[in-house]
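We use all heavy atoms of the structure for the numbers below, so side chains are in, but hydrogens, waters and symmetry mates are not. Counting starts at 1 for both ligands and their atoms, in listed order. In this text the structure is predicted, and so the values were computed from the model without any measurement.
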Amino acid sequence: MTLRHFLSLDDLGADGIHRIIDNAIALKRKPPRQAPLAGRTLAMLFEKASTRTRVSFEAGMAQLGGHALFLSPQDTQIGRGEPVEDTARVLSRMVDVVMIRNHSHETLERFAAYSSVPVINGLTDRLHPCQVLADLQTFKEHRGDIAGRTVAWIGDGNNMCHSYLLAARLLDFDLRIATPEGYGPNPQILKTCGERAVICDDASHAADGADLVLTDVWASMGDEDDREVRLADFANYQVNKALMSWAKDDALFMHCLPAHRGEEVSAEVIDGPNSVVWDEAENRLHAQKALLLDLLAAH
Ligand code: CP
Ligand code: NVA
(Lines give C-alpha, C1' and ligand atoms only; values in the text may rest on other atoms or scores of the structure.)
(Ligands and ions follow the chains in the order given, each with its own letter.)
Protein backbone atom coordinates (compact mmCIF):
# COMPACT_ATOMS: atom_id res chain seq x y z
CA MET A 1 0.00 0.00 0.00
CA THR A 2 1.41 3.42 -0.93
CA LEU A 3 2.00 5.67 2.06
CA ARG A 4 -0.18 8.78 1.90
CA HIS A 5 -0.23 11.67 4.38
CA PHE A 6 -2.88 14.36 4.77
CA LEU A 7 -0.94 17.48 5.68
CA SER A 8 -2.79 19.74 3.26
CA LEU A 9 -5.79 19.54 0.91
CA ASP A 10 -3.25 19.32 -1.92
CA ASP A 11 -2.35 15.82 -0.69
CA LEU A 12 -5.83 14.64 -1.68
CA GLY A 13 -6.29 16.74 -4.80
CA ALA A 14 -9.74 17.53 -6.20
CA ASP A 15 -10.66 13.90 -6.91
CA GLY A 16 -9.61 12.81 -3.44
CA ILE A 17 -11.58 15.60 -1.76
CA HIS A 18 -14.73 14.68 -3.72
CA ARG A 19 -14.19 11.00 -2.85
CA ILE A 20 -13.84 11.75 0.89
CA ILE A 21 -16.88 14.04 0.95
CA ASP A 22 -19.07 11.51 -0.87
CA ASN A 23 -17.91 8.71 1.43
CA ALA A 24 -18.49 10.93 4.47
CA ILE A 25 -22.07 11.63 3.38
CA ALA A 26 -22.60 7.89 2.78
CA LEU A 27 -21.12 6.95 6.17
CA LYS A 28 -23.32 9.52 7.89
CA ARG A 29 -26.41 7.99 6.29
CA LYS A 30 -25.41 4.38 6.84
CA PRO A 31 -22.55 3.49 9.21
CA PRO A 32 -20.60 0.35 8.22
CA ARG A 33 -21.96 -2.88 9.77
CA GLN A 34 -18.54 -4.40 10.34
CA ALA A 35 -15.59 -2.84 12.17
CA PRO A 36 -13.31 -1.87 9.25
CA LEU A 37 -10.57 -0.53 11.54
CA ALA A 38 -10.61 -3.39 14.07
CA GLY A 39 -7.15 -3.78 15.56
CA ARG A 40 -5.96 -0.43 14.19
CA THR A 41 -4.65 2.36 16.42
CA LEU A 42 -4.55 6.12 15.88
CA ALA A 43 -2.05 8.15 17.94
CA MET A 44 -3.18 11.75 18.47
CA LEU A 45 -0.46 14.26 19.42
CA PHE A 46 -1.89 17.51 20.75
CA GLU A 47 0.38 20.48 21.44
CA LYS A 48 -2.66 22.81 21.51
CA ALA A 49 -6.15 22.62 23.02
CA SER A 50 -9.03 20.93 21.22
CA THR A 51 -12.61 19.84 21.71
CA ARG A 52 -13.93 18.93 18.24
CA THR A 53 -10.75 17.49 16.75
CA ARG A 54 -10.00 15.25 19.70
CA VAL A 55 -13.54 14.01 20.22
CA SER A 56 -14.30 13.48 16.52
CA PHE A 57 -11.12 11.46 15.90
CA GLU A 58 -11.50 9.46 19.11
CA ALA A 59 -15.22 8.74 18.61
CA GLY A 60 -14.62 8.08 14.91
CA MET A 61 -11.97 5.44 15.59
CA ALA A 62 -14.22 3.78 18.19
CA GLN A 63 -17.15 3.72 15.74
CA LEU A 64 -14.96 2.06 13.10
CA GLY A 65 -13.79 -0.59 15.57
CA GLY A 66 -10.33 0.88 16.16
CA HIS A 67 -8.64 2.65 19.03
CA ALA A 68 -7.32 6.19 19.57
CA LEU A 69 -4.57 7.31 21.95
CA PHE A 70 -4.42 10.88 23.25
CA LEU A 71 -0.84 12.11 23.74
CA SER A 72 0.13 15.53 25.06
CA PRO A 73 3.60 17.05 25.49
CA GLN A 74 3.06 17.18 29.27
CA ASP A 75 2.98 13.42 29.65
CA THR A 76 5.17 12.18 26.82
CA GLN A 77 8.89 12.53 26.12
CA ILE A 78 8.03 15.00 23.34
CA GLY A 79 7.63 17.68 26.01
CA ARG A 80 11.08 16.79 27.37
CA GLY A 81 12.76 17.34 24.03
CA GLU A 82 12.78 13.94 22.29
CA PRO A 83 13.41 14.77 18.61
CA VAL A 84 10.35 14.74 16.40
CA GLU A 85 12.16 12.46 13.93
CA ASP A 86 12.71 9.85 16.68
CA THR A 87 9.12 10.08 17.90
CA ALA A 88 7.88 9.58 14.34
CA ARG A 89 9.98 6.46 13.85
CA VAL A 90 8.96 4.96 17.18
CA LEU A 91 5.22 5.63 16.80
CA SER A 92 5.34 4.24 13.25
CA ARG A 93 6.43 0.88 14.69
CA MET A 94 3.45 0.77 17.06
CA VAL A 95 0.42 2.48 15.56
CA ASP A 96 -1.27 2.56 12.16
CA VAL A 97 -1.93 6.27 11.73
CA VAL A 98 -0.96 9.51 13.52
CA MET A 99 -2.86 12.79 13.88
CA ILE A 100 -0.92 15.88 14.98
CA ARG A 101 -2.08 19.29 16.17
CA ASN A 102 0.88 21.57 16.75
CA HIS A 103 2.12 25.09 16.39
CA SER A 104 4.65 24.69 13.64
CA HIS A 105 3.64 23.31 10.25
CA GLU A 106 7.31 22.70 9.57
CA THR A 107 7.50 20.33 12.56
CA LEU A 108 4.50 18.43 11.19
CA GLU A 109 6.32 18.06 7.86
CA ARG A 110 9.46 16.81 9.64
CA PHE A 111 7.38 14.24 11.52
CA ALA A 112 5.72 13.06 8.30
CA ALA A 113 9.08 12.75 6.56
CA TYR A 114 10.16 10.19 9.17
CA SER A 115 6.83 8.42 9.61
CA SER A 116 6.12 5.16 7.85
CA VAL A 117 2.38 5.41 8.65
CA PRO A 118 -0.06 8.07 7.39
CA VAL A 119 0.11 11.41 9.20
CA ILE A 120 -2.94 13.70 9.41
CA ASN A 121 -2.77 17.44 10.04
CA GLY A 122 -5.13 18.21 12.93
CA LEU A 123 -4.26 21.96 12.68
CA THR A 124 -1.01 23.89 12.47
CA ASP A 125 -0.23 27.60 12.40
CA ARG A 126 -0.49 27.31 8.59
CA LEU A 127 -3.38 24.98 7.70
CA HIS A 128 -6.47 23.24 9.09
CA PRO A 129 -7.46 20.85 6.29
CA CYS A 130 -9.67 18.46 8.32
CA GLN A 131 -11.98 21.35 9.16
CA VAL A 132 -12.30 22.35 5.52
CA LEU A 133 -13.21 18.77 4.53
CA ALA A 134 -16.09 18.96 7.04
CA ASP A 135 -17.08 22.41 5.76
CA LEU A 136 -17.14 21.22 2.16
CA GLN A 137 -19.26 18.23 3.16
CA THR A 138 -21.65 20.61 4.94
CA PHE A 139 -21.91 22.89 1.91
CA LYS A 140 -22.63 19.92 -0.37
CA GLU A 141 -25.35 18.60 1.95
CA HIS A 142 -27.10 21.97 2.10
CA ARG A 143 -26.45 23.50 -1.31
CA GLY A 144 -24.83 20.93 -3.65
CA ASP A 145 -21.62 21.45 -5.61
CA ILE A 146 -19.45 24.36 -4.49
CA ALA A 147 -17.84 24.82 -7.94
CA GLY A 148 -18.64 28.23 -9.38
CA ARG A 149 -19.99 29.55 -6.05
CA THR A 150 -18.78 32.63 -4.19
CA VAL A 151 -17.32 32.23 -0.72
CA ALA A 152 -16.50 35.16 1.58
CA TRP A 153 -13.77 34.94 4.20
CA ILE A 154 -14.09 37.73 6.79
CA GLY A 155 -11.49 38.31 9.52
CA ASP A 156 -8.04 36.91 10.05
CA GLY A 157 -5.93 35.56 7.17
CA ASN A 158 -5.13 32.52 9.29
CA ASN A 159 -4.80 28.73 9.00
CA MET A 160 -8.49 28.34 8.03
CA CYS A 161 -8.23 31.10 5.43
CA HIS A 162 -5.13 29.39 3.97
CA SER A 163 -6.93 26.06 3.70
CA TYR A 164 -9.81 27.80 1.92
CA LEU A 165 -7.32 29.27 -0.55
CA LEU A 166 -6.18 25.75 -1.43
CA ALA A 167 -9.79 24.54 -1.61
CA ALA A 168 -10.83 27.37 -3.94
CA ARG A 169 -8.09 26.45 -6.41
CA LEU A 170 -8.80 22.72 -6.22
CA LEU A 171 -12.61 22.90 -6.31
CA ASP A 172 -13.07 25.94 -8.57
CA PHE A 173 -14.95 28.38 -6.39
CA ASP A 174 -14.30 32.08 -5.93
CA LEU A 175 -12.90 33.18 -2.59
CA ARG A 176 -13.25 36.82 -1.52
CA ILE A 177 -11.13 37.73 1.46
CA ALA A 178 -11.55 40.77 3.72
CA THR A 179 -9.01 41.21 6.50
CA PRO A 180 -7.77 44.27 8.39
CA GLU A 181 -4.49 45.68 7.12
CA GLY A 182 -1.56 43.58 8.31
CA TYR A 183 -3.65 40.43 8.85
CA GLY A 184 -3.85 39.16 5.28
CA PRO A 185 -3.08 35.57 4.30
CA ASN A 186 0.42 34.31 3.57
CA PRO A 187 1.31 35.87 0.17
CA GLN A 188 2.82 32.62 -1.16
CA ILE A 189 -0.34 30.65 -0.43
CA LEU A 190 -2.46 33.47 -1.85
CA LYS A 191 -0.41 33.41 -5.05
CA THR A 192 -0.98 29.69 -5.58
CA CYS A 193 -4.72 30.36 -5.65
CA GLY A 194 -4.36 32.61 -8.73
CA GLU A 195 -7.51 34.33 -9.94
CA ARG A 196 -9.75 32.24 -7.70
CA ALA A 197 -8.94 34.57 -4.76
CA VAL A 198 -9.64 38.27 -4.53
CA ILE A 199 -8.60 40.52 -1.64
CA CYS A 200 -11.37 43.02 -0.87
CA ASP A 201 -10.93 46.39 0.77
CA ASP A 202 -13.88 45.97 3.08
CA ALA A 203 -16.04 43.22 4.50
CA SER A 204 -19.22 44.19 2.61
CA HIS A 205 -17.42 43.86 -0.74
CA ALA A 206 -16.36 40.34 0.18
CA ALA A 207 -19.85 39.36 1.36
CA ASP A 208 -21.66 40.93 -1.63
CA GLY A 209 -23.67 38.16 -3.33
CA ALA A 210 -21.84 35.38 -1.46
CA ASP A 211 -23.22 31.83 -1.20
CA LEU A 212 -21.20 31.12 1.93
CA VAL A 213 -19.86 33.53 4.58
CA LEU A 214 -17.08 32.33 6.85
CA THR A 215 -15.20 33.67 9.80
CA ASP A 216 -12.98 32.44 12.62
CA VAL A 217 -11.60 33.76 15.90
CA TRP A 218 -9.64 37.02 15.74
CA ALA A 219 -6.83 35.56 17.84
CA SER A 220 -5.91 31.99 16.97
CA MET A 221 -4.13 29.68 19.38
CA GLY A 222 -0.63 31.11 19.73
CA ASP A 223 -1.79 34.70 18.96
CA GLU A 224 -3.40 35.35 22.35
CA ASP A 225 -0.72 37.84 23.45
CA ASP A 226 -2.01 40.24 20.75
CA ARG A 227 -5.63 39.74 21.73
CA GLU A 228 -6.36 43.30 22.91
CA VAL A 229 -4.73 44.89 19.86
CA ARG A 230 -6.57 42.47 17.61
CA LEU A 231 -9.97 43.28 19.15
CA ALA A 232 -9.45 46.89 18.12
CA ASP A 233 -7.97 46.11 14.70
CA PHE A 234 -10.79 43.72 13.75
CA ALA A 235 -13.68 45.91 15.00
CA ASN A 236 -15.07 46.44 11.46
CA TYR A 237 -14.88 42.78 10.56
CA GLN A 238 -17.68 41.28 12.62
CA VAL A 239 -20.10 39.00 10.76
CA ASN A 240 -23.43 40.43 11.88
CA LYS A 241 -26.87 40.84 10.37
CA ALA A 242 -25.86 44.01 8.49
CA LEU A 243 -22.95 42.19 6.87
CA MET A 244 -25.03 39.08 6.08
CA SER A 245 -27.56 41.33 4.31
CA TRP A 246 -24.94 41.81 1.55
CA ALA A 247 -24.80 38.05 0.91
CA LYS A 248 -27.46 36.02 -0.93
CA ASP A 249 -30.68 35.57 1.06
CA ASP A 250 -29.99 31.86 1.42
CA ALA A 251 -26.25 32.26 2.08
CA LEU A 252 -24.87 29.80 4.61
CA PHE A 253 -22.83 30.95 7.59
CA MET A 254 -20.01 28.73 8.87
CA HIS A 255 -17.46 29.02 11.67
CA CYS A 256 -15.05 26.24 12.61
CA LEU A 257 -15.65 26.97 16.33
CA PRO A 258 -14.94 27.77 19.10
CA ALA A 259 -16.73 31.10 18.51
CA HIS A 260 -16.71 34.37 20.43
CA ARG A 261 -20.19 35.86 20.16
CA GLY A 262 -19.98 39.65 20.03
CA GLU A 263 -16.47 39.55 18.52
CA GLU A 264 -16.01 37.90 15.11
CA VAL A 265 -19.72 36.97 14.90
CA SER A 266 -22.92 38.31 16.42
CA ALA A 267 -25.16 35.93 18.36
CA GLU A 268 -28.04 36.57 15.95
CA VAL A 269 -25.96 35.29 13.02
CA ILE A 270 -24.34 32.25 14.60
CA ASP A 271 -27.62 31.26 16.28
CA GLY A 272 -29.74 32.38 13.33
CA PRO A 273 -31.40 30.67 10.36
CA ASN A 274 -28.43 30.87 7.93
CA SER A 275 -25.99 29.27 10.35
CA VAL A 276 -25.04 25.63 9.85
CA VAL A 277 -22.29 25.53 12.48
CA TRP A 278 -23.67 22.50 14.33
CA ASP A 279 -23.87 20.41 11.15
CA GLU A 280 -20.37 21.67 10.34
CA ALA A 281 -19.07 20.51 13.73
CA GLU A 282 -20.81 17.13 13.46
CA ASN A 283 -19.33 16.61 10.02
CA ARG A 284 -15.82 16.60 11.50
CA LEU A 285 -16.75 13.10 12.69
CA HIS A 286 -18.03 11.84 9.33
CA ALA A 287 -15.39 13.49 7.14
CA GLN A 288 -12.54 12.18 9.32
CA LYS A 289 -13.98 8.66 9.42
CA ALA A 290 -13.99 8.75 5.61
CA LEU A 291 -10.43 10.14 5.65
CA LEU A 292 -9.16 7.43 8.04
CA LEU A 293 -10.73 4.68 5.91
CA ASP A 294 -9.22 6.21 2.79
CA LEU A 295 -5.69 6.61 4.16
CA LEU A 296 -5.78 3.11 5.64
CA ALA A 297 -7.41 1.72 2.46
CA ALA A 298 -9.97 -0.01 4.65
CA HIS A 299 -13.27 0.58 2.91
N1 CP B 1 -12.67 23.50 14.91
C2 CP B 1 -11.79 22.84 15.67
O3 CP B 1 -10.77 22.35 15.19
O4 CP B 1 -12.14 22.76 16.97
P5 CP B 1 -11.23 22.27 18.18
O6 CP B 1 -10.15 23.29 18.39
O7 CP B 1 -12.17 22.17 19.34
O8 CP B 1 -10.63 20.93 17.83
N1 NVA C 1 -7.77 29.55 13.69
C2 NVA C 1 -8.10 28.88 14.92
C3 NVA C 1 -8.86 27.63 14.63
C4 NVA C 1 -9.30 26.87 15.85
C5 NVA C 1 -9.99 25.58 15.52
C6 NVA C 1 -6.84 28.57 15.69
O7 NVA C 1 -5.83 28.20 15.06
O8 NVA C 1 -6.82 28.71 16.90
Side-chain angles (χ1 to χ4, degrees), residues 6-9 24 42-61 68 70-73 98-108 120-139 153-167 175 177-180 183-186 189 212-227 230-231 233-234 237-239 252-261 263-265 270 275-289 291-292:
F6 180 57
L7 309 188
S8 138
L9 291 169
L42 164 72
M44 306 188 295
L45 273 61
F46 280 95
E47 199 178 70
K48 299 180 179 183
S50 168
T51 298
R52 280 143 288 268
T53 304
R54 177 178 177 180
V55 175
S56 53
F57 270 109
E58 199 161 332
M61 280 303 284
F70 173 77
L71 302 168
S72 76
V98 179
M99 189 240 70
I100 304 181
R101 166 170 287 197
N102 68 339
H103 289 283
S104 155
H105 190 81
E106 192 256 328
T107 304
L108 172 77
I120 296 171
N121 180 354
L123 179 148
T124 63
D125 55 359
R126 191 177 172 96
L127 297 171
H128 193 6
C130 288
Q131 181 66 54
V132 177
L133 283 182
D135 289 17
L136 294 168
Q137 178 189 345
T138 310
F139 190 89
W153 178 268
I154 312 292
D156 194 13
N158 64 11
N159 44 11
M160 280 296 298
C161 178
H162 293 157
S163 290
Y164 266 95
L165 281 164
L166 303 191
L175 184 63
I177 299 171
T179 68
Y183 295 97
N186 176 311
I189 301 177
L212 168 62
V213 178
L214 292 152
T215 191
D216 188 8
V217 291
W218 289 342
S220 284
M221 291 180 276
D223 296 331
E224 291 89 348
D225 288 351
D226 301 342
R227 193 174 141 72
R230 282 172 174 260
L231 285 182
D233 289 349
F234 283 81
Y237 290 81
Q238 184 185 78
V239 179
L252 298 177
F253 170 76
M254 291 192 205
H255 186 311
C256 65
L257 307 177
H260 296 76
R261 287 170 177 76
E263 293 183 18
E264 74 274 6
V265 62
I270 195 168
S275 172
V276 288
V277 297
W278 312 122
D279 290 344
E280 183 188 2
E282 178 188 333
N283 284 339
R284 292 294 303 275
L285 174 69
H286 308 297
Q288 289 158 198
K289 281 164 74 177
L291 176 70
L292 287 162

Can you find an N/O atom of [X] closer than 3.5 Å to an N/O atom of ligand 2?
{"X": "Pro258", "result": "no"}
{"X": "Asp216", "result": "yes"}
{"X": "Ser220", "result": "yes"}
{"X": "Asn159", "result": "yes"}

List every atom of ligand 2 that sits less than 4.0 Å from any heavy atom of Leu257, numbering the atoms from 1 in the order shown and giving each element.
->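 Those atoms are 5 (C).
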Would you call [X] a ligand 1 contact, heavy-atom distance under 4.0 Å?
{"X": "Arg54", "result": "no"}
{"X": "Lys48", "result": "no"}
{"X": "Leu257", "result": "yes"}

Considering the heavy atoms of [X], write down every atom of ligand 1 situated less than 4.0 Å from one of them.
{"X": "Arg284", "value": "1 (N), 2 (C), 3 (O)"}
{"X": "Thr51", "value": "5 (P), 7 (O), 8 (O)"}
{"X": "Cys256", "value": "1 (N)"}

Of all the heavy atoms in Thr53, does at least one lie under 4.0 Å from an atom in ligand 2?
-> no
Proximity of Phe234 and Tyr183 rings by center, below 6.0 Å |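 That pair passes the under 6.0 Å test.
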Is there a donor-acceptor contact under 3.5 Å from the side chain of [X] to the main chain of [Y]?
{"X": "Glu47", "Y": "Arg101", "answer": "no"}
{"X": "His105", "Y": "Thr124", "answer": "no"}
{"X": "Arg52", "Y": "Ala281", "answer": "no"}
{"X": "Glu224", "Y": "Gly222", "answer": "yes"}

Which residue and heavy atom of the protein sit nearest [atom], plus the separation:
{"atom": "atom 8 (O) of ligand 2", "answer": "Met221 N, 2.8 Å"}
{"atom": "atom 4 (O) of ligand 1", "answer": "Arg52 NE, 2.8 Å"}
{"atom": "atom 4 (C) of ligand 2", "answer": "Leu123 CD1, 3.9 Å"}
{"atom": "atom 6 (O) of ligand 1", "answer": "Arg101 NH1, 2.8 Å"}

Answer yes or no: is there a side-chain heavy-atom contact under 4.5 Å between Thr53 and Phe46?
->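 Answer yes - side chains close enough.
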Should Gln131 and Glu280 count as side-chain neighbours, where that means a heavy-atom distance under 4.5 Å?
->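 Gln131 vs Glu280: side chains touch.
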Glu264: partners by side-chain hydrogen bond (donor to acceptor under 3.5 Å, both in side chains), with sequence neighbours left out =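 In terms of side-chain hydrogen bond (donor to acceptor under 3.5 Å, both in side chains), with neighbours along the sequence ignored, Glu264 is linked to His255.
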Of the options Lys289, Arg284, His286, Gln288, which is the one that meets Ser56 in a side chain to side chain donor-acceptor pair (under 3.5 Å)?
-> Gln288
Give the intermediate values and the outcome of side-chain contact (heavy atoms from CB on, under 4.5 Å) for residues Leu123 and Met221.
-> CA-CA 10 Å; Leu123 179 148; Met221 291 180 276; 4.2 Å; yes
